[in-house]
Participant: 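Have a look at this one before I ask anything.
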Amino acid sequence: MSKKIFIVGPVQMYPKTLELRQEDFPYFRTEIFSSVMFDNAKGLAELLGNSKPNNLLFFTMSGTGAMEATVENCVTSGDRALVINGGTFGRRFCELLKWHNISFDSVDLKWNEELTFEHLKPFENRGYTTLFVNLHETSTGQLYDIKMLSDFAKRNSMILIVDAISTFLADDYDMEKYGIDATIISSQKGLCCSAGMSVVALSDKMKEKINKPSSSYFNFNDYIKNMERGQTPYTPAVGVAYEIQSMVNLINETGKDVWLNVIKEKALYFRKKAKDLGLTIPDTYPLSNMLTPVYFEDIDANKIVNMLRDKYDIYINPCGGELGSRMFRVSHIGNTSKEDIDYLLEKLIISIREIKEQSLVK
Ligand SMILES: *Cc1c(COP(=O)(O)O)cnc(C)c1O
């Protein structure tokens with residue numbers, strides 16, 4: 001068996017995008033390249049449920065760069081932000097807001113605690129202006145209830161900023177349906193491309209409210225102005241732009257609903273089989289279709305991750321921090337099949353047995 005990647009991103013890529021990686025691309029300040037950027041803006045806007053392709057800004061940086069750019073452009077020291085903090089990525093928004101001296105409070109969740117209406121109640125009518133949420137908190141797999149968050153933001157006249165990096169193209173997502181003012185996505189997750197390009201999609205309301213960021217590289221207005229001609233202010237990740245074009249075409253040829261359903265089917269297939277094999281999947285909070293966490297009481301999860309990698313060339317995500325030795329995550333995005341899942345589970349069970357035996361010998 002060849003290498004199998006069940007990582008949240010970069011993922012196991014599709015043949016067409018792998019081929020594109022090997023190509024040289026000609027100069028990009030051209031109409032030919034502009035047409036690729038226009039295609040991407042139009043295609044991604046449609047997939048995001050944003051009717052304004054001109055409101056999409058393309059950055060050459062990882063997802064965190066786009067999170068920081070959004071903090072710089074979309075809130076000021078006059079704002080009061082609220083962050084849903086359910087893990088590594090929620091904490092990252094808190095850290096960025098702190099760095100940029102924006103006053104904020106956070107709804108702090110334990111790793112296995114479901115976000116409910118009760119958590120939001122104390123923050124109603126308290127003058128918050130902006131809500132930040134990582135809709136799928138990738139560190140645990142929790143998918144928050146977008147309708148609940150959207151209603152909360154509307155009731156409180158708050159701007160709604162969503163890091164959708166690990167839910168876009170894994171679960172349903174629709175900016176206009178839920179009144180989302182800014183969405184952050186990144187090339188290496190649901191889009192299944194190489195890392196390097198991140199996109200921020202704005203509502204018209206947010207576009208009007210952009211302020212001057214402290215760093216000039218992040219200035220949203222420069223990106224908006226350049227996008228009118230299908231360009232970016234600085235050299236973009238040219239190859240990734242071609243990969244995105246290819247993936248948007250593939251998703252549209254497949255049909256978005258079919259695409260999402262394939263991922264959902266893989267998630268359900270993995271979860272059912274894993275449970276049948278006696279593995280524990282946390283059930284105290286709703287999961288994104290993008291990944292499944294697997295929890296262990298009596299064995300170091302890191303050892304399993306390492307054994308799968310070293311012995312079988314199979315890659316799954318460890319968890320960070322306190323969860324590190326208790327849990328790992330298996331991604332369902334990317335070019336993997338149910339046969340690949342069978343193979344993973346087979347090697348997973350063998351590895352668990354072997355690690356348990358080793359610990360008995362000692
Ligand atoms: C992957 C991810 C990011 C971006 O991380 P980078 O390493 O900066 O690309 C941000 N938010 C969430 C929810 C993610 O899953």
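Just so we're clear, the structure is a prediction, and the values are computed from it rather than from any experiment. First listed ligand is number 1; within each ligand, the first listed atom is number 1. FYI, the numbering just counts along the sequence from 1.
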Participant: For ligand 1, would you mind listing the residues that have at least one heavy atom less than 4.0 Å away, ordered by chain and number?
Facilitator: S62, G63, T64, M67, F89, R92, H136, T138, D163, I165, S166, Q188, K189
Participant: By side-chain contact (heavy atoms from CB on, under 4.5 Å), which residues pair with T17, not counting sequence neighbours?
Facilitator: M13, Y14, E243, S246, M247
Participant: Assess the pair F152 and Y128: is the distance between their ring centroids shorter than 6.0 Å?
Facilitator: no
Participant: Show every side chain to side chain donor-acceptor pair (under 3.5 Å) that has at least one partner inside residues 36-45, sequence neighbours left out.
Facilitator: D39-Q245
Participant: Does K189 count as lying over the ring of F89, i.e. NZ or CZ under 6.0 Å from the six-ring centre, within 45 degrees of the axis?
Facilitator: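 Yes, K189 sits over the ring of F89.
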Participant: Show, in sequence, the C-alpha distance, side-chain angles and deciding distance for Y223 and F58, and conclude whether the ring pair (Phe, Tyr, Trp, His ring centres under 6.0 Å) test is met.
Facilitator: CA-CA 7 Å; Y223 288 82; F58 291 78; 9.6 Å; no
Participant: Listed by chain and number, what are the side-chain contact (heavy atoms from CB on, under 4.5 Å) partners of T167, not counting sequence neighbours?
Facilitator: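 L135, H136, L143, A164, D171, Y173.
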